[in-house]
Enquirer: 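Have a look at this one before I ask anything.
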Amino acid sequence: MLAASKLGWIDGIMMSYNYRLMVKDEMKRAVEACATAGIGLTAMKTQAAFLANFWASIGAETDDALGITENFLKKGYTAEQAKLKVVWENPHIASICSAMPNMTILQANIDAALNQQRLSETDRKRLEQYARETAPGYCAGYAQICESAVDLEVPISDILRCSMYAHGYGSRDMALSLFNSLPAGAKENVFQADYSRAEKSCPQKIQIGRVLKRAREDFG
Ligand code: SF4
């Protein structure tokens with residue numbers, strides 16, 4: 001985004017942007033630079049799904065993290081609506097591209113869009129706290145960091161995306177479709193690869209080896 005802001009011919013960018021990424025200094029700088037250059041910004045991946053069920057199934061503690069979301073209900077929003085609102089409230093973001101696979105989600109998104117009540121400072125802090133506590137269950141997708149630190153070729157980011165589809169979006173079909181499209185040899189490497197350097201370099205502190213092996217068993 002920083003590079004794009006200097007080109008002079010980019011009109012719009014659609015990028016991953018959510019309550020996890022928007023608080024990072026690099027992202028703030030990038031958004032500012034694009035806004036100054038007159039580039040329209042469309043946010044995607046605003047829900048930044050935490051793989052709660054999957055994570056719980058491999059033994060990590062999630063109760064504290066998930067308890068945070070319940071507090072939003074007391075304010076009259078679901079956590080999902082709060083995640084949309086926090087992005088919309090940034091005046092530099094022109095729009096959100098959001099998957100709405102059923103009428104319930106469509107209606108919830110419309111309600112969130114029409115709701116003019118702004119999030120409070122406490123709501124924002126709650127989202128930040130939630131993001132911190134669930135960071136090891138969210139892959140930010142900067143694959144070059146971890147994949148270059150593994151001794152064998154393994155599509156780490158793609159396999160984590162399969163897990164997100166299955167356990168975060170509840171769509172096993174999407175997960176299997178992506179998983180089946182990955183090169184067979186690379187999938188075979190999942191059990192042989194050494195992930196120690198990759199795990200040290202992962203900014204989200206994901207237990208990459210553990211999650212990948214579980215996903216490999218799960219998806220075949
Ligand atoms: S470094 Fe971590 S967050 Fe980035 S793609 Fe790899 S596993 Fe995901």
Side-chain angles (χ1 to χ4, degrees), residues 1 13-32 34-35 40-57 60-142 160-161 163-171 174 203-206:
M1 289 167 69
I13 296 176
M14 183 161 70
M15 74 290 181
S16 295
Y17 187 81
N18 53 53
Y19 62 99
R20 297 178 189 277
L21 301 175
M22 67 193 295
V23 293
K24 296 183 187 291
D25 287 341
E26 304 97 299
M27 180 58 94
K28 287 181 186 168
R29 274 200 302 278
V31 166
E32 196 66 45
C34 288
L41 296 176
T42 301
M44 63 175 182
K45 312 274 185 223
T46 53
Q47 294 300 308
F50 170 52
L51 314 180
N53 295 337
F54 180 59
W55 205 246
S57 75
E61 291 177 11
T62 58
D63 287 355
D64 286 350
L66 295 175
I68 291 168
T69 63
E70 288 166 15
N71 283 306
F72 282 115
L73 293 175
K74 295 180 192 147
K75 304 270 314 225
Y77 330 115
T78 63
E80 289 78 11
Q81 289 171 322
K83 290 172 187 176
L84 291 173
K85 286 167 75 66
V86 76
V87 171
W88 272 321
E89 286 181 8
N90 181 342
H92 294 324
I93 303 301
S95 186
I96 289 175
C97 174
S98 176
M100 290 176 272
N102 58 52
M103 292 301 281
T104 306
I105 296 177
L106 172 65
Q107 188 60 55
N109 282 10
I110 291 170
D111 291 344
L114 294 177
N115 183 328
Q116 296 299 309
Q117 189 185 340
R118 293 181 69 81
L119 294 179
S120 67
E121 210 35 52
T122 310
D123 290 336
R124 289 173 174 274
K125 288 212 163 60
R126 192 169 284 140
L127 277 174
E128 282 182 40
Q129 184 186 356
Y130 178 76
R132 269 197 308 279
E133 293 195 15
T134 60
Y138 171 71
C139 173
Y142 308 131
L160 292 179
R161 198 143 50 91
S163 292
M164 180 183 71
Y165 290 153
H167 304 286
Y169 294 13
S171 176
M174 272 172 78
Q204 299 295 111
K205 302 295 169 224
I206 294 174

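Below, each value reflects all heavy atoms present in this structure, side chains not excepted, and no hydrogens, waters or symmetry copies. The structure presented is a predicted model; accordingly, all values stated were derived computationally and were not measured.
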Enquirer: The test is side chain to side chain contact (heavy atoms under 4.5 Å, CB included); show your working for R20 and T134 and say whether it passes.
Expert: CA-CA 10 Å; R20 297 178 189 277; T134 60; 2.9 Å; yes
Enquirer: Check side-chain contact (heavy atoms from CB on, under 4.5 Å) between E80 and all other residues, then give those that pass, not counting sequence neighbours.
Expert: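 Q47, T78.
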Enquirer: List the atom of A48, the atom of Y19, and the distance in Å for their closest heavy-atom pair.
Expert: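 The answer is O-OH, 3.3 Å.
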Enquirer: Between the side chain of Y17 and the main-chain N/O of M27, is any donor-acceptor distance below 3.5 Å?
Expert: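 No, Y17 side chain to M27 backbone: no donor-acceptor pair under 3.5 Å.
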Enquirer: Starting from the C-alpha separation in whole Å, work towards a yes-or-no answer on side chain to side chain contact (heavy atoms under 4.5 Å, CB included) for M1 and L41.
Expert: CA-CA 10 Å; M1 289 167 69; L41 296 176; 4.1 Å; yes
Enquirer: So which atom in I96 and which in T42 form the shortest heavy-atom distance, rounded to 0.1 Å?
Expert: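 For I96 and T42, the tightest heavy-atom pair comes out as C-CG2, 4.3 Å.
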Enquirer: Looking at CD of Q107 and CD1 of I110, how far apart are the two atoms once the value is rounded to the nearest 0.5 Å?
Expert: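 Here the rounded value is 5.0 Å.
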Enquirer: Rounded to the nearest 0.5 Å, what separation is found between the CD atom of Q204 and the SG atom of C139?
Expert: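 Reported to 0.5 Å precision, the distance equals 7.5 Å.
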Enquirer: Which heavy-atom pair separates L21 from A140 by the least distance, and what is that distance?
Expert: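 Heavy-atom minimum between the residues: CD2-CB, 4.5 Å.
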Enquirer: Look only at the side chain of D111 and the backbone of A108, and say whether a donor-acceptor pair between them is shorter than 3.5 Å.
Expert: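 Pair absent, no side-chain N/O of D111 close to backbone of A108.
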Enquirer: What distance do M164 atom CE and M174 atom CE have between them, rounded to the nearest 0.5 Å?
Expert: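 The CE atom of M164 sits 7.0 Å away from the CE atom of M174.
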Enquirer: List for me each residue that meets side-chain contact (heavy atoms from CB on, under 4.5 Å) alongside N115, sequence neighbours excluded, and say none if there are none.
Expert: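 Y77, K85, Q117.
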Enquirer: So, do R29 and D25 sit near enough that their side-chain heavy atoms are less than 4.5 Å apart?
Expert: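 Yes, close enough: below the 4.5 Å cut-off.
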Enquirer: In Å and rounded to the nearest 0.5 Å, what is the CE to CD1 distance from M44 to I13?
Expert: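 That separation rounds to 11.0 Å.
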Enquirer: Before you tell me yes or no, could you show the steps for M100 and I105 under side chain to side chain contact (heavy atoms under 4.5 Å, CB included), namely the whole-Å CA-CA distance, both residues' side-chain angles and the distance that decides it to 0.1 Å?
Expert: CA-CA 6 Å; M100 290 176 272; I105 296 177; 3.9 Å; yes
Enquirer: What are the two closest non-hydrogen atoms of I206 and P136, and how far apart are they?
Expert: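 Shortest heavy-atom separation between I206 and P136 comes out as CG1-O, 3.5 Å.
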Enquirer: May I have the step-by-step check of side chain to side chain contact (heavy atoms under 4.5 Å, CB included) for M15 and C34, ending in yes or no?
Expert: CA-CA 12 Å; M15 74 290 181; C34 288; over 6 Å; no
Enquirer: Can you give me the closest heavy-atom contact between N109 and S98, atom names plus distance?
Expert: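 Smallest heavy-atom distance, with atoms named: ND2-OG, 3.2 Å.
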Enquirer: Could you verify whether a donor N or O on one side chain and an acceptor N or O on the other, from Y130 and R126, lie under 3.5 Å apart?
Expert: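 Side-chain D/A pair, Y130 to R126: absent.
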Enquirer: Which atoms form the tightest heavy-atom contact between Q81 and G76, and what is the distance?
Expert: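 That closest heavy-atom pairing would be OE1-O, 4.5 Å.
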Enquirer: Examine distances only and state if a side-chain atom of E128 and a backbone atom of V23 form a donor-acceptor pair shorter than 3.5 Å.
Expert: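 No.
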Enquirer: In terms of side-chain geometry, is the basic nitrogen of K125 or E121 positioned less than 4.0 Å from the acidic oxygen of its partner?
Expert: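 Yes, this pair counts.
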